[in-house]
Amino acid sequence: MKKILAHNPLKSRDLLLWYQNNARELPWRKTSDPYKIWISEVMLQQTTVNAVINYYHRWLKRFPTIQSLARGNIHDILNLWQGLGYYQRARNIHKAAQIIYKDHHGEIPKNPKVLRKLPGFGPYTTNAVLSIAYELRLPLIDTNIRRLVMRQLALRGVANIKQNKTITTYLEKIMPKKNISFFNQALMELGALICKPKNPLCLLCPIQKNCKAFQKGIQELIPKTSKNKIKKINAAIALIQKERKFFIQKRPEKGLLAGLWEFPGGKQEKEKKIEETLKREIKEELKVSVTKSDFLMKVKHYYTQFAVTLHVFTCDVVPFPLEDDTHKWVILKNLKNFPMPSGSAKIVSKLKHDDNQQRRA
DNA sequence: AATACGGGGTT
DNA sequence: AACCCAGTATT
């Protein structure tokens, strides 16, 4: 049977030409240092370009080389990463840097199988670093490329790991012999700027004529999306002060927001009044009793799966909780030295603001 | 194969 | 309020 819609694979030349004329100027595109490219790739995981840029500059200023990073401590590293999310990434970068420094003469290994074994190097990041920094001819699949190829081939269904084989085969077919770094970046850039999830700019697309989805007019239906509802949660937060110091505690080393510092408190469960939650959590966490609590502020913070409203109270407790490795009394000014979840950081920021107002008055 | 893991920007 | 993002590790 004759394939009327036989696919006409895109020419890498069209793509590279477009990239040359339309690529954004991004900090990690001005370097060929594999370390810097690695850092950018990890920061960009599930994170938008805009959110990354400042973190990228701050990070390289503090840790300009793999050696400096290998010698860094996790507290400083998390502090630099604060607000970027997915904190395991920072821990893995640190671990991998130590391995690279110790076992690979401080150079990122060029063997994909070796690199893939290091913490934080998954299928995407391994091939991204090797292709972009070392020009190795390796295909890669990120959200942009997955969407773009699904449209090129008119693959229906949700964006999913199940299409990886098809996508990889296609990429290997269209990949040029040279310019792999530009080619891979060009695919991602085209996905980000033209082949967008919503309202793709097909009329400006350099590979429009190769796109099966465009031919069928179904580009906006690919990939299929699923809805998710955001749960609402209330939490009680205790500001416990002794003289000018606040009491903070460290979260467990595993799980959500691992190893970050926060004010004591927790989720509202069966309690009707949030003050009851406050008392229960403080008793459970610190083994002390709340004798007085005054509502201070409400802070709303959105996670991917839920939205939490933090009900913040200033509290008196008996007895005062004690310090140890995971519990500290800290003055307002020094709280910035402790990596905190963004919700807690918002509270600190308001406290500072109020403090400044009072000083002026 | 499904789920945990953040947060900020955009729609 | 929902959607989106240069994914990885664990279960």
Side-chain angles (χ1 to χ4, degrees), chain A residues 19 23-24 26-29 36-56 78 81-93 95-96 115-133 138-148 158-164 181-193 195-200 220 223-232 251-260 262 299-308 339-346:
Chain A
Y19 184 69
R24 291 169 289 182
L26 300 175
W28 42 89
R29 288 183 177 157
K36 294 180 180 174
I37 289 167
W38 168 34
I39 296 303
S40 76
E41 287 304 336
V42 177
M43 286 187 169
L44 286 161
Q45 289 168 10
Q46 296 292 288
T47 310
T48 50
V49 164
N50 248 341
V52 166
I53 291 179
N54 288 333
Y55 283 88
Y56 175 81
L78 286 175
W81 204 269
Q82 172 177 322
L84 202 52
Y86 287 156
Y87 298 90
Q88 197 63 37
R89 293 184 291 178
R91 295 172 179 276
N92 282 339
I93 288 177
K95 286 185 207 156
L115 189 56
R116 177 73 176 79
K117 286 192 166 63
L118 299 188
F121 282 89
Y124 167 80
T125 304
T126 300
N127 287 9
V129 170
L130 292 180
S131 66
I132 295 172
L138 297 167
L140 49 85
I141 304 175
D142 78 323
T143 312
N144 290 308
I145 295 181
R146 180 186 308 285
R147 181 178 58 253
L148 185 150
V158 298
N160 191 294
I161 193 169
K162 285 179 203 163
Q163 294 106 16
N164 277 20
S181 172
F182 285 161
F183 175 78
N184 279 343
Q185 291 183 75
L187 279 174
M188 293 192 279
E189 190 76 339
L190 188 60
L193 299 183
C195 198
K196 302 184 294 180
K198 290 180 181 172
N199 308 316
E220 303 224 33
K224 220 176 103 184
T225 56
S226 53
K227 294 200 193 299
N228 85 67
K229 277 175 263 172
I230 292 184
K231 256 203 222 165
K232 291 183 179 174
R251 295 179 59 89
E253 294 297 331
K254 293 208 168 186
L256 187 68
L257 305 165
L260 301 194
E262 64 185 10
V299 172
K300 198 151 188 184
H301 186 67
Y302 290 88
Y303 290 80
T304 304
Q305 301 292 348
F306 54 93
V308 59
M340 289 183 151
S342 287
S344 304
K346 282 182 195 170

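All values below come from the heavy atoms of this structure, side chains included, with hydrogens, waters and symmetry mates left out. Chain naming here is simple, since letters A, B, ... match the order of the sequence lines and numbering starts at 1 in each.
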Judged by nearest nucleotide, the residue sitting upstream toward the 5' end of DNA chain C, A:Arg24 or A:Arg116, is A:Arg24

Within the 3.5 Å criterion, strictly below it, is a donor on A:Glu41 or A:Tyr124 matched to an acceptor on the partner's side chain?
yes

Between C:dT8 and B:dG9, how far apart are the two C1' atoms, rounded to whole Å?
23 Å

How is A:Lys346 classified with respect to the nucleic acid when contacts are heavy atoms under 4.0 Å: base, sugar-phosphate, or nothing?
nothing

Nearest whole Å is fine: how far is C:dC5 C1' from A:Leu148 CG?
16 Å

My understanding is that only residues two or more places apart in sequence, or in another chain, count here; which of them pass side-chain contact (heavy atoms from CB on, under 4.5 Å) with A:Pro223?
A:Arg147, A:Met150, A:Ala159

Expressed in angstrom and rounded to an integer, what is the separation of A:Asp142 atom CG from C:dT8 atom P?
10 Å

Aromatic ring pairing A:Tyr303/A:His301, orientation class (parallel under 30°, perpendicular over 60°, tilted between):
perpendicular

Tell me whether the count of non-hydrogen atoms from other residues, nucleotides or ligands lying under 6.0 Å of CD1 in A:Ile161 goes above 12.
no

Within this structure, what is the NZ-to-P distance between A:Lys162 and B:dA1, rounded to whole angstrom?
6 Å

Output yes when at least one side-chain N/O atom of A:Thr125 is less than 4.0 Å from OP1 or OP2 of C:dA6, else no.
no

Quantified in whole Å, what is the P atom distance between nucleotide C:dA6 and nucleotide B:dT11?
13 Å

With sequence neighbours left out, what residues match A:Ile53 under side-chain contact (heavy atoms from CB on, under 4.5 Å)?
A:Pro27, A:Trp28, A:Val49, A:His57

Whole-Å gap separating C1' (C:dA6) and CD1 (A:Ile132):
8 Å

Does C:dA6 have its OP1 or OP2 closer than 4.0 Å to a side-chain nitrogen or oxygen of A:Asn144?
yes

Can you tell me the distance, in whole Å, between the CG atom of A:Leu26 and the P atom of C:dA6?
10 Å

Is a side-chain donor-acceptor pair under 3.5 Å present for A:Thr47 with A:Arg89?
yes

Do any side-chain nitrogens or oxygens of A:Lys198 fall under 4.0 Å of OP1 or OP2 in C:dA2?
no

Cut-off 3.5 Å, side chains only: do A:Arg116 and A:Asn127 have a donor facing an acceptor?
no

Nearest-Å distance once atom C1' is located in both B:dG6 and C:dC4:
13 Å

Nearest whole angstrom, please: distance from the C1' of B:dG7 to the CG of A:Leu44.
14 Å

Just checking A:Arg147: base, sugar-phosphate only, or nothing, at a heavy-atom cut-off of under 4.0 Å?
sugar-phosphate

Under 4.0 angstrom, heavy atoms only, what part of the nucleic acid is A:Trp38 near: base, sugar-phosphate, or nothing?
nothing

Tell me: OH of A:Tyr124 to P of C:dC5, nearest whole Å?
13 Å

Pairs under 3.5 angstrom, nitrogen or oxygen only, protein versus nucleotides 3-6 of chain B, please.
residue : atom : partner  : partner atom : Å
B:dC5   : OP1  : A:Leu256 : N            : 3.1
B:dC5   : N3   : A:Tyr86  : OH           : 3.4
B:dG6   : OP1  : A:Tyr87  : N            : 3.3
B:dG6   : OP2  : A:Leu257 : N            : 2.4
B:dG6   : O4'  : A:Tyr86  : N            : 3.1
B:dG6   : N7   : A:Thr304 : OG1          : 2.7
B:dG6   : O6   : A:Tyr86  : OH           : 3.1
B:dG6   : N1   : A:Gln46  : O            : 2.9
B:dG6   : N2   : A:Gln46  : O            : 3.2
B:dG6   : N2   : A:Thr47  : OG1          : 2.9
B:dG6   : N2   : A:Leu84  : O            : 3.3

Can you name the closest pair of heavy atoms from A:Arg146 and A:Asn160 and give their distance?
NH1-O, 2.8 Å

Rounded to the Å, how far apart are A:Lys231 NZ and C:dA2 P?
14 Å

